[in-house]
Amino acid sequence: AAGEIERMARAGEVVADTLALIGEHARPGVTTQELDELADEHIRSRGGTPTFKGYRGYPASICVSPNDMVVHGIPGPYTLRDGDVLSVDVGVTLDGFVADSAFTFPIGEISPEAERLLEGCQGALAAGIEQCRVGNRLSDISHAIQRVTEEHGFSVVRSLVGHGVGRSMHEEPQIPNFGEPGRGPLLSEGMTFAIEPMINAGGAEVVLHDDEWSISTADHSLSAHFEHTVAITGEGPRILTAARAAVRT
Ligand code: MF3
Ligand code: CO
């Protein structure tokens with residue numbers, strides 16, 4: 001329903017503003033723990049709750065995944081260094097609805113190859129979002145993400161997927177970031193998806209660390225992750241977690 005999408009959009013604004021705030025503070029010398037505290041305070045000051053905290057026992061408010069870490073890194077003493085790339089994932093629950101978004105930040109001056117990886121992943125996300133149109137099929141999103149990723153010479157992580165999102169963070173359907181086009185359910189107005197390509201500069205294989213959360217590339221190549229929460233409308237895709245020109249109130 002339209003009212004529900006507006007409620008999700010308000011959660012999405014808090015997510016977007018939290019990521020913008022993190023982007024302003026993610027500099028060499030800052031720890032990922034400091035970014036987590038900043039995000040937690042900001043989300044609560046806006047009346048939201050950090051969706052990830054306590055989710056299946058997850059211990060923090062955001063996920064922070066530097067360099068060869070793909071996703072689900074736990075904030076801690078890691079101190080950012082010039083040349084790092086840092087994926088940050090934020091989820092907010094507000095007024096009963098969830099929005100979920102991720103951005104990979106360059107820290108200081110990054111290598112041309114890292115720059116290309118971030119551009120490739122953002123391009124893959126944009127191509128997936130572009131397919132969020134009434135009458136398309138779910139795997140049209142997956143296929144577009146895979147095509148753009150592989151055109152850049154990068155690999156799509158197979159074992160992690162996007163998802164439906166709404167009253168809960170993870171709802172049906174799962175949205176793989178690869179596959180043949182034209183398969184799966186027809187897309188219709190009012191569907192809301194978290195679309196999230198996770199792509200590696202090297203091979204697609206990933207490993208789970210002993211903390212049972214953080215996931216890195218098996219070959220230690222760099223990884224990037226961009227995610228938006230998107231609603232399908234009669235006028236096309238509506239990004240509910242888009243950054244706003246004028247920030248924080
Ligand atoms: N965007 C991630 C996902 O969709 C965030 C989950 S992190 C967790 O899976 F800690 F909450 F699990
Ligand atoms: Co997600």
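Whatever order the structure lists them in is the order used to number ligands and atoms, beginning at 1. Keep in mind that the numbers below use all heavy atoms, side chains included, and drop hydrogens, waters and symmetry copies.
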Checklist entry - Judged by modelled atom types alone, do H170 and Y55 share a side-chain donor-acceptor pair under 3.5 Å? => result yes
Checklist outcome for this item: atom 7 (S) of ligand 1 has as its nearest protein heavy atom C63 SG, 3.5 Å
Item to check | Nearest neighbour in protein (non-hydrogen) for atom 10 (F) of ligand 1 | outcome: Y58 CG, 3.1 Å
Checklist entry - Please state which protein non-hydrogen atom is closest to atom 2 (C) of ligand 1 and give its distance, to 0.1 Å? => result D89 OD2, 3.1 Å
Checklist entry - Which is the closest N/O/S atom of E227 when seen from the Co ion (ligand 2)? => result OE2
Checklist entry - Is it true that a side-chain atom of S61 and a backbone atom of P50 form a donor plus acceptor pair closer than 3.5 Å? => result no
Checklist entry - Distance only, no hydrogens: is a donor on one side chain within 3.5 Å (strictly under) of an acceptor on the other, for E34 and T31? => result yes
Checklist entry - What is the name of the N/O/S atom in D100 that sits closest to the Co ion (ligand 2)? => result OD2
Item to check | Any donor-acceptor pair under 3.5 Å from S65 side chain to C63 backbone | outcome: no
Checklist entry - Just distances here: any N/O of Y55 and N/O of ligand 1 closer than 3.5 Å? => result no
Checklist entry - Sub-3.5 Å donor-acceptor pair from the side chain of S221 to the main-chain atoms of G202, do we have one? => result yes
Checklist outcome for this item: Within the 4.0 Å heavy-atom cut-off, what R56 brings close to ligand 1 is neither
Item to check | Where ligand 1 meets E227 - atom numbers and elements under 4.0 angstrom, heavy-atom basis | outcome: 1 (N)
Checklist entry - Between E171 and H163, does any side-chain donor sit less than 3.5 Å from a side-chain acceptor? => result no
Next on the checklist: Between S142 (side chain only) and P176 (backbone N and O only), is there a donor and an acceptor less than 3.5 Å apart?
Outcome noted: yes
Checklist outcome for this item: re atom 9 (O) of ligand 1, the protein heavy-atom contact at minimum distance is H170 NE2, 3.0 Å
Next on the checklist: With rounding to 10 degrees, what does the angle H163:NE2 / the Co ion (ligand 2) / E196:OE2 come to?
Outcome noted: 80°
Checklist outcome for this item: ligand 1 to W213, heavy atom cutoff 4.0 Å, flagged ligand atoms 10 (F), 12 (F)
Item to check | Modelled atom types, side-chain donor and acceptor of N200 and S223, under 3.5 Å | outcome: yes
Item to check | Heavy atom of the protein closest to atom 5 (C) of ligand 1 (residue, atom name, distance) | outcome: F52 CZ, 3.3 Å
Checklist entry - Which protein heavy atom lies closest to atom 4 (O) of ligand 1, and at what distance to 0.1 Å? => result H163 NE2, 2.8 Å
Checklist entry - Do side-chain atoms of D17 reach the backbone of V14 as a donor and acceptor pair under 3.5 angstrom? => result no
